[in-house]
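Inspection log for the structure reproduced underneath, given as structure tokens.
No experiment lies behind these values; they were computed from the predicted model shown.
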Amino acid sequence: MSALDETLLADGDALTAADPSGVLRSLAGAGAQVRESVELCAQAGVGRLAEEGRPRAVVVAALGGASVVTDVLTALAGRGCPVPLVARRGGPLPSWVGPLDLVVAVSMSGRAPGPLALAAEAARRGARVVTVGAEGSPLAEVGARGGNVHVPPARGVRAVEAGTRSSRVSLWSLLTPVLLAADAVDVVRTPAGVLSAVAERLDAEAETCRPWSESFVNPAKALALELAGAVPVVLADGDLTAAAARRAASMLSRTARVPAVAGALPDDASEVVAAFGGPFAARPDDVFADPFLDGPVGPRLQLTLLRDAPSAVPDAERVVADAVATTAADAGVRVSEVVAEAGEPLVRLAQLIARTDFAAAYLALASGTDPAASPQVADLRERLG
């Protein structure tokens, strides 16, 4: 990665000029995506899913960048979900899926082989099917069949998607219909008031992280500066924030081209802490080191801790997160914390996702990287046909 250009990061006009695909603009429109998607769901008839009541099980099929939809839904459902919630990226549809079940298939292009095949098979077996993806696509055709429901993406992201073919900037256009479908069948409660609050929180985060605000008052730019030249480890403080951590790691890899790993406490505490003593951990400064003879210091670990609102975190979980952060600092590992403000679980999660989305985009732009397109990914797609 190129050295971070702090001058570019401080210049809002230069940042937007360096972002021809409008990634920053699309991220800033996340709140609008939520509002428009609510309207599109009403037009598509998502509410009629309630007529047949709660399904026996819910299968959610999503691949690649769209798979964060499954992560968020699972996080919100929690361990007390009233029905089995099964995630699939591909492969055969479980043999037990039938008319008593609901299958939700998500693909921005509407052509992802895994979700498309699972949706088509579910429809053949008589299961209720909800599809989310491009209009006129093969997935939309499955959703348009009698008894099924199809929701297209918000119009505000379609122009960007036509150029980038990425689901990274359209998360809320994909996620909102899934949440409303889960609410209609009484699996995950997401009433209209909560989605309205989500849109407002996303608007507020977009204002806080706007390109024209200085780095010292813009938390996303500040985080980008802290991540520059580092090997990020994104660690969540619990089950809810784990979805945001996985999204952040994906955005850093796909948008900023920085390899990142994600984990969640308490399960991953030992693995993360053990790395603080490895080859990528910080080393005490050697006063005798010669940077010209010894060469530059290699990339070092940087711990980004995503924390839920303090009022929502049990004491036991807070103690673990604090202990990991202290251990990292003692080992010389840089630590950044992103803390959600109070609100409903989905609202808090939305804020963490938005903050790290903006940080990944700023890190890419200030490093001279186009956040919208990766030649290597394009090459891979071409080789795979």
Shortest non-hydrogen contact between [X] and [Y], atoms and distance:
| X | Y | value |
| --- | --- | --- |
| L175 | V72 | CD2-CG1, 3.8 Å |
| P92 | L118 | C-CD2, 3.7 Å |
| A119 | L139 | CB-CD1, 3.9 Å |

With a 3.5 Å distance limit and no angle check, can you tell me whether [X] reaches the backbone of [Y] through a side-chain donor-acceptor pair?
| X | Y | answer |
| --- | --- | --- |
| T16 | D13 | yes |
| S250 | R246 | no |
| E121 | L93 | no |
| T356 | I353 | yes |
| D268 | A264 | yes |
| S37 | T176 | no |
| D19 | L24 | yes |
| R125 | V97 | yes |

Would you say the side chains of [X] and [Y] form a donor-acceptor pair under 3.5 Å?
| X | Y | result |
| --- | --- | --- |
| S336 | Q302 | yes |
| R168 | T255 | yes |
| S213 | N218 | yes |

Handout entry: Linked, directly or transitively: V339 and V198 (ILVMFWY side chains, under 4.5 Å)
Key = no
Problem - Hydrophobic cluster membership, L27 vs L227, 4.5 Å side-chain cutoff - result: yes
Problem - Residue E6 excluded, over 12 heavy atoms near CD under 6.0 Å - result: no
Any carboxylate oxygen within less than 4.0 angstrom of a Lys/Arg side-chain nitrogen, looking at [X] and [Y]?
| X | Y | result |
| --- | --- | --- |
| R348 | D308 | yes |
| E205 | R355 | yes |
| D322 | R307 | yes |
| R257 | D370 | no |
| R145 | E141 | no |

Fill in the blank from the handout: So CG of L225 and CG of L363: to nearest 0.5 Å the spacing works out to 9.0 Å
Handout entry: L179 side, atom CG; L76 side, atom CG - distance, nearest 0.5 Å
Key = 6.5 Å
Practice task
Report yes if the side chains of R155 and L40 come closer than 4.5 Å at any heavy-atom pair, otherwise no.
Solution key: yes
Exercise for the section: Could you give me the CA-CA distance, side-chain angles and deciding distance for D101 and V59, then say whether side chain to side chain contact (heavy atoms under 4.5 Å, CB included) is met? Expected result: CA-CA 8 Å; D101 306 303; V59 178; 5.8 Å; no
